[in-house]
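Below, each value reflects all heavy atoms present in this structure, side chains not excepted, and no hydrogens, waters or symmetry copies. Here is how names work: the chains are called A, B, and so on, in the same order as the sequence lines, proteins then strands, and each is numbered from 1.
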There are 2 protein chains.
Amino acid sequence: MKNEKMKTEVRREQIATAALQLIARRGVRGLSIAGIARQVGLVPSAIYRHFDGKDHVLDLVLDQIRQRLLDNVQAETSDSVEALRRLLFRHIKLIRESEAIPMLVFSDQVYSGRPERKARMQRIIQDYLEQVGKVVQRGQKEKALRADLDPAVAAVMFLGLVQPAAILWHLSEGAFDVTKHTEKAWQVFRRAIVRP
Amino acid sequence: MKNEKMKTEVRREQIATAALQLIARRGVRGLSIAGIARQVGLVPSAIYRHFDGKDHVLDLVLDQIRQRLLDNVQAETSDSVEALRRLLFRHIKLIRESEAIPMLVFSDQVYSGRPERKARMQRIIQDYLEQVGKVVQRGQKEKALRADLDPAVAAVMFLGLVQPAAILWHLSEGAFDVTKHTEKAWQVFRRAIVRP
DNA sequence: GTTTGATGTGAATGCATGTTCACATTACCC
DNA sequence: GGGTAATGTGAACATGCATTCACATCAAAC
């Protein structure tokens, strides 16, 4: 019938947000133009007024995720070890709030889709790792972290604290206690990186 | 035209193997009955002589992966710390040889498909974690590993050593040096778990 | 208020792919 | 060797989904 008209900037945001929610609920595979349109309250063809196609919707979604991840890292400015701890729990919280993130990171839609998308995802993760690496370097300058620690390696391991937990949480439908596990895992990781 | 007839047991194996290869190449999303048939040298409809449908093909693939993973763990009987180290590198090797494994573990076809599949995947990972946990416990009995280490937590962290590396390797099209990274990461992880 | 470009709609189109079915051929059993 | 069940084939069918298009409607510029 009738439907309020909105500026394309607003719609693009709405569409990307709807896509994110749908991905969280049904996975990237279950993401359809029809589903997005329903969520936003539009008709499928209307999506094409704001995006060139499904691929471009996904691109914007990736941008949003990138932003959230990087915001997360840059929010921490306290002493480096504490910064890492907080970052870890923020990351966990972020993933719990929008399950779509691991879904997308692990989605083969990213890997087997347009090569640019794969490159973009790689960029996102590498940027994130770089930021984490910088925190580690700061910790080394502050003499809080071991000098023989490779910041890049530490950053990847840091990611490794989160990823399996996210998967288990997902697979177990929330039964796996991520917070508790992360607490313990952090203790273990911590003593591997702090100065003796 | 004409095509040699083979027992369904043989075909099922061939089909599952072909599926695994295709997944490695094009991702779970790119797995099609037509693709499998081509690879095996059959016509698409012939697949249905041996499987009830695509889902059942995936089920068998999952079984194969489960087997490979568990074989991997149970192959190690040496002293526990060394066993963990070897297991780690075996795991890396396994993933490099059949990229399909991480593809499947991360695939949303598993998460948003039939719920049984999700449960099966969960079972596979949990069984694997349990086996790793047992090695850790053995290490604790041998006084090689810290007594205050939670074996379950250690097992998940162990998985965390492999997963991000696998993803990075994949995203970077093999440019990321998994072996080198794993060497270093193992050193870090090691000093977090061995007895002081 | 009229014009005009932007946004929304409904129907139609096209494509990829899983699945079924009637029929052909082969392997195996007696 | 003849019969029979298993295996293979080609074509047709079904479906879900992205995408397009002609037309309708609204909002903002003038």
Side-chain angles (χ1 to χ4, degrees), chain A residues 1-19 21-23 25-62 107-114 116-117, chain B residues 1-19 21-23 25-62 107-114 116-117:
Chain A
M1 320 299 169
K2 71 176 181 178
N3 213 327
E4 189 182 5
K5 288 190 179 175
M6 305 179 71
K7 300 235 147 166
T8 196
E9 280 77 24
V10 182
R11 283 301 192 205
R12 283 174 63 91
E13 289 300 319
Q14 290 182 347
I15 290 169
T17 303
Q21 292 173 352
L22 284 182
I23 290 171
R25 239 187 296 146
R26 313 205 199 261
V28 185
R29 176 168 152 266
L31 182 70
S32 67
I33 294 289
I36 295 174
R38 206 177 314 125
Q39 180 99 2
V40 179
L42 282 177
V43 96
S45 57
I47 304 294
Y48 293 85
R49 292 280 171 227
H50 312 290
F51 288 92
D52 282 348
K54 196 180 170 184
D55 274 352
H56 295 263
V57 177
L58 267 185
D59 285 345
L60 186 56
V61 170
L62 277 195
S107 162
D108 50 5
Q109 193 105 15
V110 168
Y111 295 83
S112 40
R114 322 205 317 287
E116 317 138 53
R117 175 127 11 97
Chain B
M1 318 300 168
K2 71 176 183 176
N3 213 329
E4 189 183 4
K5 288 192 178 178
M6 305 180 71
K7 300 235 147 167
T8 196
E9 317 301 336
V10 182
R11 283 302 192 203
R12 284 175 63 91
E13 290 299 321
Q14 289 183 349
I15 290 169
T17 303
Q21 292 174 353
L22 285 181
I23 290 171
R25 240 186 297 146
R26 312 203 200 264
V28 184
R29 175 169 153 268
L31 181 70
S32 67
I33 293 290
I36 295 174
R38 205 177 315 124
Q39 180 99 2
V40 180
L42 282 177
V43 97
S45 57
I47 305 293
Y48 293 86
R49 292 280 172 229
H50 311 290
F51 288 93
D52 282 349
K54 197 180 170 184
D55 275 352
H56 294 262
V57 177
L58 267 184
D59 284 345
L60 185 56
V61 170
L62 277 195
S107 162
D108 50 5
Q109 194 106 16
V110 167
Y111 295 85
S112 40
R114 322 205 318 288
E116 316 139 52
R117 173 123 19 91

Exercise. Is any side-chain N or O of N3(B) closer than 4.0 Å to OP1 or OP2 of dT7(D)?
Worked result: no

Problem set entry | R11(B) side chain near dG8(D) phosphate (N/O to OP1/OP2, under 4.0 Å) |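 Answer yes for this pair, as a side-chain N or O of R11(B) is under 4.0 Å from OP1 or OP2.
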
Considering only distance and modelled atom types, tabulate donor-acceptor pairs under 3.5 Å from the side chains of residues 44-58 of chain B, sequence neighbours left out.
unit_1	atom_1	unit_2	atom_2	d
H50(B)	ND1	T8(B)	OG1	2.7
K54(B)	NZ	L31(B)	O	2.7
D55(B)	OD1	R117(B)	NH2	2.9

Problem set entry | Which atom of G35(A) lies closest to which atom of L22(A), heavy atoms considered | C-CD1, 3.4 Å

For this session: Would you classify L31(A) as touching base, sugar-phosphate or nothing, given that sugar-phosphate means primed atoms plus P, OP1 and OP2, and contacts are heavy atoms under 4.0 Å?
Result: sugar-phosphate

Exercise. Listed by chain and number, what are the salt bridge (charged side-chain N to carboxylate O under 4.0 Å, His left out) partners of E9(A), not counting sequence neighbours?
Worked result: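 Applying salt bridge (charged side-chain N to carboxylate O under 4.0 Å, His left out) to E9(A) gives none.
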
Problem set entry | Sub-4.5 Å side-chain heavy-atom contact between Q109(A) and I23(A) |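 A side-chain contact is absent here, since even the closest heavy-atom pair is not under 4.5 Å.
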
Exercise. Does G41(B) offer a backbone N or O that forms a donor-acceptor pair with the side chain of N3(B) under 3.5 Å?
Worked result: yes

Exercise. To the nearest angstrom, how far is M6(A) atom CE from dA27(D) atom P?
Worked result: 11 Å

Could you list all N or O pairs between the protein and nucleotides 28-30 of chain C that sit under 3.5 Å apart?
none

For this session: Tell me, please, which residues at least two apart from S112(B) pass side-chain contact (heavy atoms from CB on, under 4.5 Å).
Result: R29(A), D108(B)

Exercise. By side-chain contact (heavy atoms from CB on, under 4.5 Å), which residues pair with Q14(B), not counting sequence neighbours?
Worked result: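 So Q14(B) forms a side-chain contact (heavy atoms from CB on, under 4.5 Å) with M6(B), V10(B), R11(B), V40(B).
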
Problem set entry | Residues within residues 44-60 of chain B bordering DNA chain D, heavy-atom distance below 4.0 Å |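 Result for residues 44-60 of chain B: S45(B), A46(B), R49(B), H50(B), sorted by number.
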
Exercise. Got a sec, which residues hit side-chain hydrogen bond (donor to acceptor under 3.5 Å, both in side chains) with Q39(B), two or more places apart in sequence or on another chain?
Worked result: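 Listed in chain order: Q21(B), R25(B).
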
